[in-house]
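Only one structure is covered here, and it is reproduced in the block below.
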Amino acid sequence: GDEARPADPYPVSADYRGDADKNGKLSYFEAHPEWYGLIKGKRSPRIDGDFGDNFCTSNPEAMAEFMKNAVRDLADGRYKDANVINAWTLDVGNWCECENCRTLGPTTDRNLLFVHAYAKAVKKAQAEKVINRPIRLLFLAYADVIDPPTRPLPADFDYDMCIASFFPIVRCYVHKFDEPGCSVNGKYKKSFDGWFTDPARHYRGQACIGEYYNVSGTKCLPVGFSHTMAHDIPYYFGSGARHFHYMHTPTSLWGTWTVNQHLLARLLWNPDANVDSLLHDYFRLYYPT
């Protein structure tokens, strides 16, 4: 029943499964299991929303199909109005264990090659007038890819287009980010320096900070972060960061979160602002009685 449909443009591997579930369609995994991550000796199609097993990024056909779909989404699909894309792999995803992937290096090095390929695909589409606007790609420095790269990036890696987003997801908020003696933050500080401040670092691009003033460890509890923000935002800015993510602002009923939103906005606008004065004005004006 598929005689009128285009032929598969990719070579068929020895792992081809055919219509294994007998539903009259070929899924990606049935047609090309070799595109999927090799996990404990088996190709895995486990992708559950944002989580699961990353695809095999050393497979050129898998990368080509991913980039084709990504460009189509940017050109006239679900991201046709987007100028900034989170070019993220799966959240804390497992990475392919095949020999070709292993030769690409640790997970951060592999991720940077993925981002580089993504940028090249977008640039090609821009040159061909398929995409007619600037695009920035924000990629992760987080969890499975929190460690800084171990080898030089491609010579044509575009640092204006591709920006690292650093998310210290389980950091300690009792201590300042760079406070000596905090074993938790010390690990993140080491990674942060390896990405953004070490003179011998391989990544030479911009820093976007991703903080968790609402979710993650605090689980949306009404915790105030005035002292943390007062130190850490100027610290990030002084380290060269010029972009900031925030997980996640409630859309209504802020309650005691309001002071966090207020301080964050004011400090991102002016990292040298006096926090005591900001708090004094906030409580005087927001709770006048």
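Everything numeric in this text was worked out from a predicted model, so none of it was measured.
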Answer with yes or no after comparing the ring centroid distance for Tyr212 and Tyr246 against a 6.0 Å cut-off, counting only values under it.
no

When rounded to the nearest 0.5 angstrom, what is the spacing between CG in Leu112 and CZ in Arg151?
11.0 Å

Thinking salt bridges, do Lys189 and Asp178 make one under a 4.0 Å N-O criterion?
no

Counterpart residues, side-chain hydrogen bond (donor to acceptor under 3.5 Å, both in side chains), relative to Asp147 (two or more places apart):
none

What's the separation between atom SG in Cys208 and atom CZ in Phe139, rounded to the nearest 0.5 Å?
10.5 Å

Are the aromatic ring centres of Trp35 and Tyr10 under 6.0 angstrom apart?
yes

Under 6.0 Å between ring centres: does that hold for Phe225 and Trp257?
no

Tell me, do Ile85 and Leu138 make a side-chain contact under 4.5 Å, heavy atoms counted?
no

For residues Gly224 and Asn260, report the shortest heavy-atom separation together with the two atoms involved.
CA-OD1, 3.6 Å

As an exercise, state the distance from CZ of Phe192 to CG of Asp198, rounded to the nearest 0.5 Å.
12.0 Å

Under the criterion side chain to side chain contact (heavy atoms under 4.5 Å, CB included), I'd like the reasoning laid out for Asp156 against His116: C-alpha separation, chi angles, the key distance, then a yes or no.
CA-CA 9 Å; Asp156 61 343; His116 178 241; 2.7 Å; yes

Charged N to carboxylate O under 4.0 angstrom, Arg102 versus Glu99?
no

Heavy-atom closest contact (Gly105 atom, Arg110 atom, distance):
O-NE, 3.1 Å

Straight-line distance of Cys98 SG to Leu104 CG, nearest 0.5 Å
8.0 Å

Under the side chain to side chain contact (heavy atoms under 4.5 Å, CB included) test against Val145, which residue among Val92, Leu140, Asp109 passes?
Leu140

Mind checking what makes salt bridge (Lys or Arg N to Asp or Glu O under 4.0 Å) contact with Lys80, not counting sequence neighbours?
none

Who pairs with Trp95 by ring-ring contact (aromatic ring centres under 6.0 Å, His included), at least two apart in sequence or on another chain?
none

Would you mind writing out the side-chain donor-acceptor pairs for residues 278-289 within the sub-3.5 Å range, not counting sequence neighbours?
| from | atom 1 | to | atom 2 | distance (Å) |
| --- | --- | --- | --- | --- |
| Asp281 | OD1 | Arg284 | NH2 | 3.4 |
| Tyr282 | OH | Val259 | N | 3.4 |

Partners passing side chain to side chain contact (heavy atoms under 4.5 Å, CB included) against Leu268 (at least two apart in sequence or in another chain)
Ile233, Phe244, Leu264

Ile163 side chain near Leu137 side chain, heavy-atom distance below 4.5 Å
no

By salt bridge (Lys or Arg N to Asp or Glu O under 4.0 Å) - contacts of Lys123 (at least two apart)
Asp158

For a 4.5 angstrom cut-off between non-hydrogen side-chain atoms, does Gln126 reach Arg133?
no

Could you measure the distance from the OH atom of Tyr28 to the CZ atom of Phe66? Nearest 0.5 Å is fine.
10.5 Å

Is any side-chain heavy atom of Trp195 closer than 4.5 Å to a side-chain heavy atom of Pro148?
yes

Near-ring test Phe177/Tyr188, centroid separation under 6.0 angstrom
no

What do the steps show when you test Asn59 against His32 for side chain to side chain donor-acceptor pair (under 3.5 Å), and what is the final call?
CA-CA 11 Å; Asn59 186 296; His32 292 286; over 6 Å; no

Classify the side-chain pair Glu211/Tyr236 by whether it contains a donor and acceptor separated by less than 3.5 Å.
yes

Measuring only between side-chain heavy atoms, which start at C-beta, is Pro168 closer than 4.5 Å to Tyr142?
no

Test log, rule side chain to side chain donor-acceptor pair (under 3.5 Å), inputs His243 and Gln206:
CA-CA 8 Å; His243 310 279; Gln206 304 171 69; 2.8 Å; yes

Apply side chain to side chain contact (heavy atoms under 4.5 Å, CB included) to Leu267 and Trp269, showing your working.
CA-CA 5 Å; Leu267 285 169; Trp269 187 259; over 6 Å; no

How long is the gap from CE on Met229 to CG on Leu263, to the nearest 0.5 Å?
6.0 Å

Checking side-chain polar atoms at under 3.5 Å, does Thr228 have a donor or acceptor matched by the opposite partner on Asp232?
no

Establish, for the pair Arg242 and Phe237, whether the NZ or CZ atom is under 6.0 angstrom from the six-membered ring centre and no further than 45 degrees off its axis.
yes

Cluster link Tyr118 to Ile47, ILVMFWY, side chain under 4.5 Å
no

